[in-house]
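Read the structure below first, then the notes.
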Amino acid sequence: MLYRVTRPISNLVERYLPDPFVFVLMLTLIVLALASIVTPFSPTQVVEAWGQGFWRLLTFAMQMLLILICGYMLASTPVCINALNRLATLAKTPVVAILMVTLVAMLASWINWGFGLVIGALFAKALARQVKVDYRILVASAYSGFIVWHGGLSGSVPLTIASEGHFSQTNIGVISTSSTLFSSFNLAILGALLILLPILNALLLPPKEQQVLIDQSKLMDSSEPQSSQSEDLTPAQKLEHNKLLGTLIGALGCTYLLYYFAVQGGTLNLNSVIAIFLFLAIALHQTPERLLTSLNSAISGGAGIVIQFPFYAGIMAVMVESGLAQQISSAFVSISSAESLPFWSFLSAGIVNIFVPSGGGQWAVQAPIVLPAAQMLEADVARVAMAVAWGDAWTNLIQPFWALPVLAIAGLKARDIMGFCLIQLIFSGVIIAAMLTWA
């Protein structure tokens, strides 16, 4: 129904949106130029900040790479493939497939953002094997579920301000998640998106004759190893095919995770999600040979992450050290009242997120600006903090940085889905802004 509106936008994006690597190169030049012009930093200082910040996301880049690889290895186990395929058989029509993938991705992202990215993409592939549906919209719908992550259990802003010793505690104290994640306004945003976003995605489907279908051969799993006769194996190969070795290590890792969550009171974070993916993959693949074959299939999809993250680290360093990010945020705060501050904080966070695509990093930049403003205007501090969180999540819909794992798993380019993501951005932005202001 909405395809008449989205078709020219999609065509424009497909024609002019470059590869995400080209995008980050252009973004780098834009940020360097802006920082040199509108901040006190000289061009030399700007370049120095960029170069020194280039390697600051190496740990995070490795975590993102492992999320992609370990998630793929887990999903390529026979157990997971069968489970996803069985769930996908419930989708009998393209509309149902779109509704299902959006809901599954949103629920998974609410639990943990890394989990949601991987599960959404893998479920989209499973659905495409069952239903003839426009693959671009199917994957865009899976990615759209990611928008709820910062209002969910892994949201870095609400979890930070709920922790003892956080850097703003002297100003705002410790704010419980009952005032942020589980507040009425945040639950209202989640509920509205959970109902309306799947409907929007279903309306984006073009007429049947205009849908772009995926070649089924590209959806086939290539991680299944070739069987070998046991009598032809060398002693080394027998170890590689030994089911006991993989099963024991997998069980050991899963036992530790049970101890971590049940006894130590551990929470879902990036490292624990990676560990869950990894140890379950080892246990379910059983043999090292099966796991390594799956790894070889997964590793090529991480190339974009490896090359792009250092550039975003450099951009973040320039934005923060030159004061450019603070200037953007301050400009919006200066025109705010107590009632409008959540809206302008949301909007400024969305803009800053294009250049600083990291929830924790963005909060470190904006908190020293929006929190004093909230106190001075006597605004709701918890609501303002969540406005920054939702702004950070909102513009991820058009930030190729976060789409990389999804695109790598799905086998698409950013330009294939970004036209649809732009419509999702506008639609969800209206909902979130309205709820932050009036809910």
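Since the structure is predicted, the reported quantities are computational estimates derived from the model, not experimental observations.
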Checking [Y] against [X]: is there a side-chain donor and acceptor pair closer than 3.5 Å?
X: Gln424; Y: Asn201; value: yes
X: Thr39; Y: Gln327; value: no
X: Gln130; Y: Asn85; value: no
X: Ser329; Y: Gln366; value: yes

Exercise for the section: Would you check if the side chain of Asn171 reaches a backbone N or O of Ser168 as a donor-acceptor pair within less than 3.5 Å? Expected result: no
Within-4.5 Å side-chain heavy-atom neighbours: [X] and [Y]:
X: Thr437; Y: Ser340; answer: no
X: Val370; Y: Trp344; answer: no
X: Met26; Y: Phe21; answer: no
X: Ile417; Y: Leu407; answer: yes

Exercise for the section: Tell me, with the steps shown, if Asn396 and Tyr143 meet side-chain contact (heavy atoms from CB on, under 4.5 Å). Expected result: CA-CA 9 Å; Asn396 284 335; Tyr143 183 54; 4.1 Å; yes
Problem - side chain to side chain donor-acceptor pair (under 3.5 Å) partners for Thr170, two or more places apart - result: none
Completion exercise
By side chain to side chain donor-acceptor pair (under 3.5 Å), Gln326 pairs with (sequence neighbours left out) none
Exercise for the section: Would you check, one step at a time, whether the test side-chain contact (heavy atoms from CB on, under 4.5 Å) holds for Leu203 with Ile199? Expected result: CA-CA 6 Å; Leu203 293 175; Ile199 296 174; 4.2 Å; yes
Problem - Trp363/Leu371 under side-chain contact (heavy atoms from CB on, under 4.5 Å): CA gap, chis, key distance, verdict - result: CA-CA 10 Å; Trp363 180 241; Leu371 292 181; 3.9 Å; yes
Practice task
For Leu436 and Phe343, run side-chain contact (heavy atoms from CB on, under 4.5 Å): C-alpha distance rounded to whole Å, both residues' side-chain angles, the deciding distance at 0.1 Å, then the answer.
Solution key: CA-CA 7 Å; Leu436 283 171; Phe343 170 76; over 6 Å; no
Problem - Glu378 atom CD, over 12 foreign heavy atoms within 6.0 Å - result: no
Practice task
Evaluate side-chain hydrogen bond (donor to acceptor under 3.5 Å, both in side chains) for Ser176 paired with Ser178, printing each intermediate quantity in order.
Solution key: CA-CA 5 Å; Ser176 168; Ser178 62; 3.0 Å; yes
Exercise for the section: Mark yes or no: Arg383 above the aromatic ring of Phe185, with NZ or CZ under 6.0 Å from the six-membered ring centre and no more than 45 degrees from the axis. Expected result: yes
Problem - Check: Phe311 ring centre within less than 6.0 Å of Phe54 ring centre - result: yes
